[in-house]
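Shown next, in structure tokens, is the structure this report addresses.
These figures come from a predicted structure and were not determined experimentally. Just so we're on the same page: letters track the sequence lines, and every chain starts at 1.
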Amino acid sequence: MERTLIGSLKEHLNETVTVQGWLQTLRDQKNMQFLILRDRTGLVQIAHYRPANPELGNLISALGTESALTISGKVVENPVVKLGGLEIQLENLKVESPAEAPLPFDPFDKDNIPAIDFRMDWRYLDLRREQNLLLFKVQTLLEHAMREYWLKQDFIEIHSPKITGSPSESGAELFEVQYFERKAYLAQSPQFYKQMAMSAGFEKVFEIGPVFRADPSFTSRHMTEFTGLDVEISWIDSHEDVMVFTEGWLQYAYQRVKDVYGAEIEREFGVDIQVPALPFPRMTMSKAYSILKDMGYKLPPERKGDLDPGGERAIADYAKKEYGSDFLFVIDWPISVRPFYHMRHPDAPELTRSFDLIAGGLEIATGAQREHRLEILKAQALEKGLGLENIQYYLDFFRFGTPPHGGFGMGLSRLLMVLLNLPNIRESVYLFRGPNRLQP
RNA sequence: GGGGGCGUGGUGUAGUGGCUUAACAUGCGGCCCUGUCAAGGCCGAGACCGCGGGUUCGAAUCCCGUCGCUCCCGCCA
């Protein structure tokens, strides 16, 4: 048996074909029965004249919607049919797996979409929605385009371990796991390991992998496990080189997504993808601070030198208005709000060579030039109150010749959230993990 | 960890002190319908209004507690 995809049925007019999919709608009349079948390529109507085969008619009448079916019949042109002007005249039907009735909810009733938490309980039904299918096609292409860009520039892909032996930076946000007779932790970032690749002479690396954060955060943009997009590049002059890479890479990925799925995204999400122009605007943290002050936005006084989410949104609005850009690099953050391994400005030692990328008002990436000089790195760690014993393995990376380097980490689901203008990160991830969500 | 909001049939909502025997849509079950297509018509089942306590002649509605969800802040991608 050869399966024909619904999307290609018009190439099979007057042929007998086999299609497989889910029963989306059943219109069951006295004499005529119409089944709307869905596969990942589309919908088709299947017609059955009941008196021709009453037994089959009874089988159809008993079907619950969303049952998985294999159907064969003749494809005929029929201008009366609103669904593509063709239909399949049913010859054979096999119930591969019946769906219980009623369903917990109807994924195709757009007026009664349940709240996200309920849909997560039945995520496999939620994912049957066209919008979700498209979302994951977009994610696949997005990652593919990013890889294309990396490979064109001779990047090497790494897979760093997610089980780690010591709390690195602060330790507070680490999940502890039992590791035979001792304790281990789930990696909260591939940061140190991708820097090790710089010491290894890989020069340019990337990683797409899971990241774990034990933060009890209850917001629309946080998860305890998410997919990180990480990049590290050697022989840079400053964080500017990292930003130039980042914006070119994002522009390329956006363009690919728009080319392939622009129209579908417009239809399903009501979003007209804007491929960003280069360069993205850059704004120093102190400039951002004074602009916010002029706008009358009051930052909490205790957050000196930092931006709160409201400030991020306000400064993003400013960038949109002043520069017409959805993206903004906020650069040169004070050392007080940056980790010890960020390189400092030689002429302004209280500032780091770092950036945050704000997209659509949301922080989607953080990057920096890293400090690669061992003695300075050690001094900065001590200044931050870190015990050198815990990070000795990391400090060792810098003992035998490490090039100047920098990179960034970006949240895949956050990017997708911005790209498709989703209100909640739980909509943009296959299965959400949060403080209270471990299943399915 | 701190603060706000919400919790009503399977789902989405209305009802915010007596008009409620809790309404509407959708879904579900039954019957009807010669081709439907957002199918349609008729009938039916389904909610002790998250849970516990209180105020009141009277509570889905007000108060307290509790649980769940959610959003914001903190933290961050």
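Summary of the strand contacts: K30(A) and V81(A) both lie near RNA chain B, and taking for each the nucleotide with the nearest heavy atom, the more 5' one is attributed to K30(A).
Taking atom C1' on both A47(B) and U21(B), the two are 14 Å apart, rounded to the nearest angstrom. Separation of the P atoms belonging to C49(B) and A59(B) is 12 Å when rounded to the nearest angstrom. Using C1' as the reference atom, C69(B) and C32(B) are 43 Å apart when rounded to the nearest Å. Comparing C42(B) with U56(B), their P atoms are spaced 48 Å from each other, to the whole Å.
Residues forming a side chain to side chain contact (heavy atoms under 4.5 Å, CB included) with E203(A) (at least two apart in sequence, or on another chain): S234(A), W235(A). R437(A) meets the side chain to side chain contact (heavy atoms under 4.5 Å, CB included) test with D117(A), M120(A), D121(A), F432(A), P440(A); sequence neighbours excluded. Partners of Y254(A) by side-chain hydrogen bond (donor to acceptor under 3.5 Å, both in side chains), not counting sequence neighbours: none found. For E96(A), the salt bridge (charged side-chain N to carboxylate O under 4.0 Å, His left out) partners two or more places apart in sequence, or in a different chain, are K94(A).
The CD-P distance, from E173(A) to G1(B), rounds to 16 Å in whole Å. Between the CZ atom of F212(A) and the P atom of A77(B) there is a distance of 16 Å, rounded to whole Å.
The stretch residues 404-416 of chain A comes close to RNA chain B through G409(A), M410(A), G411(A), R414(A), each having a heavy atom under 4.0 Å from the strand. For RNA chain B, the neighbouring residues in residues 37-69 of chain A, judged by any heavy atom under 4.0 Å, are Q45(A). Within residues 89-98 of chain A, no residue approaches RNA chain B, by heavy-atom distance under 4.0 Å. Non-hydrogen atoms lying under 4.0 Å from RNA chain B are contributed by E363(A), I364(A), A365(A), T366(A), all within residues 354-371 of chain A. Using a 4.0 Å cutoff on non-hydrogen atoms, the parts of residues 433-440 of chain A near RNA chain B are N436(A), ordered by number.
Residue R313(A) is classed as a sugar-phosphate contact, given heavy-atom separations below 4.0 Å to backbone atoms only. V211(A) comes within 4.0 angstrom of no nucleic acid atom, judged by non-hydrogen atoms across all strands.
Taking 3.5 Å as the limit, the base of C75(B) and the side chain of S217(A) contain a donor-acceptor pair of atoms between them.
With S428(A) contributing its side chain and S413(A) its backbone, the two residues share a donor-acceptor pair below 3.5 Å.
We find that D317(A) and K320(A) are not joined by a salt bridge, their nearest charged nitrogen and carboxylate oxygen being 4.0 Å or further apart.
For residues 420-435 of chain A, the set of pairs meeting the salt bridge (Lys or Arg N to Asp or Glu O under 4.0 Å) definition, not counting sequence neighbours, comprises R119(A)-E427(A).
For the pair L5(A) and R40(A), the minimum side-chain heavy-atom distance is below 4.5 Å.
Listed pair R426(A) / C69(B) fails the phosphate criterion, with no side-chain N or O lying under 4.0 Å from OP1 or OP2.
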For residues 140-147 of chain A, which side-chain donor-acceptor pairs fall under 3.5 Å, sequence neighbours excluded?
unit_1	atom_1	unit_2	atom_2	d
T140(A)	OG1	F136(A)	O	2.7
H144(A)	NE2	E148(A)	OE2	3.0
R147(A)	NH2	E157(A)	OE1	3.4
R147(A)	NH2	E157(A)	OE2	2.4

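Of the candidates C28(B), C72(B), U36(B), the closest approach to any side-chain atom of A101(A) belongs to C28(B).
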Checklist line | Base versus backbone protein contacts along nucleotides 5-16 of chain B [heavy-atom cut-off under 4.0 Å; B, S, -] | finding: -----SSB----
